[in-house]
There are 2 protein chains.
Amino acid sequence: MNEQLLNRVLRQAEALCARRGARLTPQRRRVLELVCRAERPIGAYELLDQVRDGGKAAPPTVYRALDFLLEQGLIHKLETLHAFIGCTHPDHPHSSQFLICADCGKVTELEDAALLGSLHSAAAESGFSPQRPVIEVIGTCARCAHKPDRPAD
Amino acid sequence: MNEQLLNRVLRQAEALCARRGARLTPQRRRVLELVCRAERPIGAYELLDQVRDGGKAAPPTVYRALDFLLEQGLIHKLETLHAFIGCTHPDHPHSSQFLICADCGKVTELEDAALLGSLHSAAAESGFSPQRPVIEVIGTCARCAHKPDRPAD
DNA sequence: ACCAGGAATGTAACGATATAACAGCCCCAA
DNA sequence: TTGGGGCTGTTATATCGTTACATTCCTGGT
């Protein structure tokens, strides 16, 4: 996430939390910023290292911040990677799909209405009420597919 | 999984492995049976307890068996639960979707062509090649939706 | 039948992810 | 001013999964 987008996201986050009466404390803001700055999904303990930065902090510090940010829809958790990414459009609540490149590790966030529609139809046939769809696709991104197959490591 | 289905699955598993030159050893068969007998997704350490059954066994024993069974498509892993379920139709390779009831814990395995189609279309638009789609939907199953909301625990 | 070699298993230790439980602090509202 | 709720600090522990290496077992070639 580039600097410009990051700033927009942080401002949106502040506005959203203010509107909802949720407290985006410095700690939480810090974690959000770290997640967003990471080019790839980042794990909780990796975040912890960065939050510590010489000082001291324990896992609950990071996990509590992450829980808050997840609740507010400011970040997403990738279940298949046990890692987190910043949401680039937190302005409306949404259920996303993720394309995860097994080669370069980059993740693309989709919000595909047709896909969600299919999912709800399929669930409805079983009388099932979806609450939290988890859709993560491991594969190869366009960039990596075009690369000549591991260019001389 | 009832006794009859279990027997069919075990026979299919033997046939499949024989055809593929894969060895369904007693240990692996045991784990497969335990996974299939469980009414709900079962965790690796829960399996370990059952495999031990008084004797001794260590995590790698179970994880190795699980890896084998996953490779052979005889069981599935539920990423959101860190748990495993038996596949009821291992005869053909397939990518499934799972409906996970947050109330009773039961899981329904789907194989919905339309849903997979939507997913591939959505991925294609980004030039992404799907290799392993993970689709797990947390929600409420039909049975639990009809229950009068926590019947006197 | 023998033996070489790969596949499967046993065993101990460890790494990674996540939560529990309780204590202290800060700020606002009554 | 005081009390209570929300946030944070701290220690310990639960849960999930892997590494590394020794041993055993099975199988195929001779």
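Quick caveat: nothing in here was measured; it's all calculated off a predicted structure. So you know, we letter chains A, B, ... as the sequences are listed, proteins then strands, and number each from 1.
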Next item on the list: Apply the test side chain to side chain contact (heavy atoms under 4.5 Å, CB included) to residues A:Val31 and A:Leu66: give CA-CA distance (whole Å), side-chain angles for both, the deciding distance (0.1 Å), then the verdict.
Entry: CA-CA 7 Å; A:Val31 170; A:Leu66 290 171; 3.9 Å; yes
Gap between atoms [atom1] and [atom2], on [X] and [N] respectively (whole Å):
| X | N | atom1 | atom2 | value |
| --- | --- | --- | --- | --- |
| B:Phe68 | C:dT9 | CZ | C1' | 14 Å |
| A:Leu24 | D:dC7 | CG | C1' | 13 Å |
| A:Leu48 | C:dA18 | CG | P | 12 Å |
| B:Leu66 | D:dT15 | CG | P | 18 Å |
| B:Asp67 | C:dA7 | CG | P | 16 Å |
| B:Tyr63 | C:dG15 | OH | P | 17 Å |
| A:Leu47 | C:dA18 | CG | C1' | 14 Å |
| B:Arg30 | C:dG10 | CZ | C1' | 15 Å |

Notebook entry, point to check: Are B:Leu116 and B:Asp112 close enough, and set up right, to give a side chain to side chain contact (heavy atoms under 4.5 Å, CB included), and what steps lead you there?
Noted result: CA-CA 6 Å; B:Leu116 273 180; B:Asp112 190 280; over 6 Å; no
Is any side-chain nitrogen or oxygen of [X] closer than 4.0 Å to OP1 or OP2 of [N]?
| X | N | value |
| --- | --- | --- |
| B:Thr61 | C:dT11 | no |
| B:Lys77 | D:dC16 | no |
| A:His82 | C:dA16 | no |
| B:Tyr45 | D:dT15 | no |

Item checked: Sugar-phosphate only, base, or nothing, as touched by A:Arg64 at under 4.0 Å among non-hydrogen atoms ->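 Base: the residue A:Arg64, judged by heavy atoms under 4.0 Å, touches a nucleobase.
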Check: Should the pair A:His94 and A:His76 be assigned to parallel (<30°), tilted (30 to 60°) or perpendicular (>60°) ring geometry?
Finding: perpendicular
Among the candidates [options], find the nucleotide nearest to the side-chain atoms of [X].
| X | options | value |
| --- | --- | --- |
| A:Arg28 | C:dT19, D:dC7, C:dA12 | D:dC7 |
| A:Arg23 | D:dG17, D:dG9, D:dC7 | D:dC7 |
| A:Thr25 | D:dT8, D:dT18, D:dC26 | D:dT8 |

Item checked: Lys/Arg-Asp/Glu bridge criterion (N-O < 4.0 Å) met for B:Glu71, B:Arg20 -> no
Check: Roughly how far apart are A:Ile85 CD1 and A:Thr108 OG1, rounded to 0.5 Å?
Finding: 9.0 Å
